[in-house]
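Written out below as structure tokens is the structure these notes cover.
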Amino acid sequence: MTTAAQTATTESRSEKSGRTAQGGATTVSGGSTGAAEPAATRGRTSIADVVVVKIAGMAAREIPGVYAMGGGLSRTIGAVRDRVPGGRPNVGRGVKVEVGERQTAIDLDLVVEYGVPIADLARDVRENVIDAVERISGLEVVEVNITVNDVHLPDDEDPERPVEARVE
């Protein structure tokens with residue numbers, strides 16, 4: 001169910017987005033043409049949505065207390081995909097972005113370690129993601145929404161990590 005506030009936010013984001021029709025790429029700098037222009041301003045810079053997804057995913061995972069990212073189904077499918085020979089982890093799992101002409105909004109789905117204060121963790125993740133995305137991409141981050149989907153308990157069996165044998 002979508003609230004009026006969510007609809008208004010989505011419509012507002014869409015109006016500002018300035019998206020091009022080329023695979024979700026966004027123009028960051030318009031640039032100009034001509035030999036008389038300074039070299040740094042000749043041409044355009046475009047950033048694809050997937051770039052922001054990867055930056056945000058890596059930045060969120062850097063924070064201690066983030067156990068995994070994504071909802072239950074996406075983590076399960078990701079674990080299977082990671083086990084396939086030649087497969088590699090998906091750093092974008094649990095990250096959704098909306099990229100506009102000069103701004104971006106980011107949504108993160110997290111699984112946190114038991115015992116970690118969630119409010120503090122969310123603040124640290126938010127700060128790290130905003131810093132990394134703004135520094136690397138040059139886009140202004142208008143919001144980072146965090147959803148905590150689960151808490152990893154110390155005695156939970158993790159299919160991604162090997163279980164140590166109890167006897168030798």
| CG on Leu110 to CG on Leu121, rounded to 0.5 Å |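 Going from CG on Leu121 over to CG on Leu110, the span is 6.5 Å.
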| query | If you round to the nearest 0.5 Å, how far is CG of Asp150 from OH of Tyr114? | reply | 13.5 Å
| query | For Ala59, which residues count as a side-chain contact (heavy atoms from CB on, under 4.5 Å) partner, sequence neighbours excluded? | reply | Asn128, Val129, Ala132
Side chain proximity check, [X] to [Y], heavy atoms < 4.5 angstrom:
X      : Y      : answer
Val52  : Val133 : yes
Val125 : Val66  : yes
Val99  : Ile47  : no
Asn145 : Ile106 : no

Are the side chain of [X] and the backbone of [Y] linked by a donor-acceptor contact shorter than 3.5 Å?
X      : Y      : result
Ser137 : Leu139 : yes
Thr104 : Glu98  : yes
Arg61  : Val91  : yes
Arg123 : Ala119 : no

What is the minimum heavy-atom distance between [X] and [Y], and which atoms define it?
X      : Y     : answer
Met69  : Gly57 : SD-O, 4.0 Å
Asp109 : Lys96 : OD2-NZ, 4.0 Å
Leu108 : Ala60 : CD1-CB, 4.2 Å

| field | Listed once per pair and sorted, the salt bridge (Lys or Arg N to Asp or Glu O under 4.0 Å) pairs that draw on residues 124-134, sequence neighbours left out | value |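 Counting only pairs at least two positions apart or across chains, the salt bridge (Lys or Arg N to Asp or Glu O under 4.0 Å) contacts touching residues 124-134 are Asp131-Arg135.
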| task | Before giving the answer on side chain to side chain contact (heavy atoms under 4.5 Å, CB included), spell out for Val144 and Ile130 the whole-Å C-alpha distance, their side-chain angles and the decisive distance to 0.1 Å. | result | CA-CA 8 Å; Val144 176; Ile130 290 171; 3.6 Å; yes
